[in-house]
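Right, one structure below, let's go through it.
Note that these values count all heavy atoms, side chains included, but never hydrogens, waters or copies made by symmetry. These numbers were taken from a predicted model, which means no experiment stands behind them. Atoms within each ligand, like the ligands themselves, are counted from 1 in listed order. Numbering starts at 1 and runs along the sequence shown.
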Amino acid sequence: MAEKKVDQSSLKSKGFLPQRQENMFSMRLKVIGGRVDAQKLRAIADAAEKYGYGYVHITSRQQIEIPFVKLKDTAEASCELEKQGVLEGSSGKRVRAIVACHGNSICRYGLIDCQKMAGKIDEKYFGETVPKKLKIAITGCPSACVKPQDNDFGIMGTTRPEILEENCVSCGRCEKACKMGAITVQEEKARIDREKCVLCGACIAACKKDALRVERTGCTIFVGGSMGRKPRHGIKLIELADEEQLFSILEKTVGYYRKYGLDGERLGELLDRLGIESYRKEVLP
Ligand code: SF4
Ligand code: SF4
Ligand code: SF4
């Protein structure tokens with residue numbers, strides 16, 4: 001009897017990546033913003049022991065993979081994990097899992113709630129089809145721990161400080177706190193060099209005299225970044241966008257990519273081909 005042909009692409013779309021070993025698959029599981037609760041971790045550990053070789057692999061984009069799942073076990077492993085709320089990851093021509101840092105719910109440098117935003121973006125876009133792939137990363141501040149500039153669509157929390165001169169006692173705490181050399185005390189008052197300022201807000205946190213305050217907090221958006229064989233940094237599209245602007249830009253970006261992107265073309269390549277200005281006109285408010 002002829003051996004049944006394995007539908008690799010269907011398996012891949014369910015998160016099973018073929019290994020170099022015949023009929024073995026690495027099972028990719030969806031993780032949103034790098035966060036997995038303990039109950040799900042237990043279920044994943046059990047599955048790794050039952051269906052794999054008893055270990056997991058953590059990918060560079062915060063995903064969990066269970067290697068060495070046999071072809072015959074793929075359906076059962078999926079079903080068992082799904083019952084525990086652990087869903088398959090994304091691969092192929094789709095919007096990939098959303099990567100995010102702790103953001104302001106935990107990290108003391110965080111300026112935006114990355115985890116909440118990751119949940120919202122995941123709900124709307126995860127697994128949507130696109131010409132090649134769309135990787136989204138959300139980072140809470142300009143320290144950029146999850147490398148938003150290396151993603152097709154990168155989001156970074158930022159805040160713009162403003163000086164209340166009348167409160168400034170020229171103590172220099174802000175100057176010491178600024179790693180960019182963007183704030184200096186001159187003629188007994190703090191001064192910000194806007195060209196050097198990366199909108200991290202460290203000076204605001206350092207000032208004890210209420211002489212620096214938040215003028216606006218929002219998101220800086222980078223587009224067209226990628227790693228891999230053709231690494232490139234994303235282009236800064238907009239600074240300090242509010243959440244409504246962010247979601248509008250993301251929606252229009254996905255639409256633009258689908259409308260104009262050629263099969264197999266990354267967003268950055270599309271921007272090179274059609275020019276950043278045509279894209280800006282379509283997506284910016
Ligand atoms: S990017 Fe900023 S907010 Fe996020 S973990 Fe790093 S330091 Fe914290
Ligand atoms: S930390 Fe505040 S009070 Fe001190 S120099 Fe800076 S702005 Fe002025
Ligand atoms: S926001 Fe950050 S980069 Fe800008 S002046 Fe303050 S500490 Fe320096």
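Here is the list of ligand 3 atoms found below 4.0 Å of a heavy atom in G201: 1 (S), 2 (Fe). Against a heavy-atom cut-off of under 4.0 Å, C101 is close to the following atoms of ligand 1: 1 (S), 3 (S), 4 (Fe), 5 (S). Short contacts between ligand 2 and A190, defined as distances under 4.0 Å to a heavy atom of the residue, involve ligand atoms 7 (S). For ligand 2, the atoms sitting less than 4.0 Å from at least one non-hydrogen atom of A211 are 2 (Fe), 7 (S), numbered in the order shown with element in parentheses. Near V169, meaning under 4.0 Å from one of its heavy atoms, ligand 2 places the atoms 3 (S), 8 (Fe). Within the listing of ligand 2, atoms 4 (Fe), 5 (S) sit less than 4.0 angstrom from a heavy atom of G172. Close approach of ligand 3 to M180 (heavy-atom distance below 4.0 Å) involves ligand atoms 3 (S).
Looking at atom 1 (S) of ligand 1, its nearest protein heavy atom turns out to be T139 OG1, 3.2 Å. Counting only heavy atoms of the protein, atom 8 (Fe) of ligand 1 lies nearest to C107 SG, 2.3 Å. Looking at atom 6 (Fe) of ligand 1, its nearest protein heavy atom turns out to be C145 SG, 2.3 Å. Summary of contacts: the protein heavy atom closest to atom 4 (Fe) of ligand 3 is C197 SG, 2.4 Å. Closest protein heavy atom to atom 7 (S) of ligand 3: C203 N, 3.3 Å. Annotation: atom 3 (S) of ligand 1 to nearest protein heavy atom, G110 CA, 3.4 Å. Remark: minimum distance from atom 2 (Fe) of ligand 1 to any protein heavy atom is reached at C141 SG, 2.4 Å.
Of all the heavy atoms of P161, the ones lying under 4.0 Å from any atom of ligand 3 belong exclusively to the side chain. Only backbone heavy atoms of S170 (N, CA, C or O) come within less than 4.0 Å of ligand 2; its side chain stays farther off. Within the 4.0 Å heavy-atom criterion, the part of A144 lying near ligand 1 is the backbone and not the side chain.
Between E128 and the choices K133, K93, R258, the salt bridge (charged side-chain N to carboxylate O under 4.0 Å, His left out) rule is met once, by R258.
Although no hydrogens or angles enter the test, the distance criterion places no donor-acceptor pair under 3.5 Å between the side chain of R35 and the main chain of H102. Proximity of a side-chain donor or acceptor of R108 to a complementary backbone N or O of N104 within less than 3.5 Å is not detected.
Smallest separation of non-hydrogen atoms from G34 and Q62: N-OE1, 3.0 Å. In terms of heavy-atom proximity, R232 sits nearest to G268 at NH1-O, 3.3 Å. Closest approach of S26 and P67 over heavy atoms only: OG-CA, 3.7 Å. The two residues S91 and R28 make their nearest non-hydrogen contact at CB-NH1, 3.9 Å.
Ion pair E239/K236 flagged as a salt bridge, since at least one NZ, NE, NH1 or NH2 atom sits closer than 4.0 Å to an Asp/Glu carboxylate oxygen.
With 2.8 Å as the limit, C171 does not count as an N, O or S neighbour of atom 2 (Fe) of ligand 2.
Taking the centre and axis of the six-membered ring of Y51, the NZ or CZ atom of K70 falls outside the cone set by 45° and 6.0 Å.
Ring-plane geometry between Y53 and F68 is classed as parallel, the angle between the planes falling under 30 degrees on a 0 to 90 degree scale with a further cut at 60.
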Would E282 and Y260 satisfy side-chain hydrogen bond (donor to acceptor under 3.5 Å, both in side chains), going step by step from the backbone distance to the final call?
CA-CA 12 Å; E282 291 221 15; Y260 300 109; 2.9 Å; yes
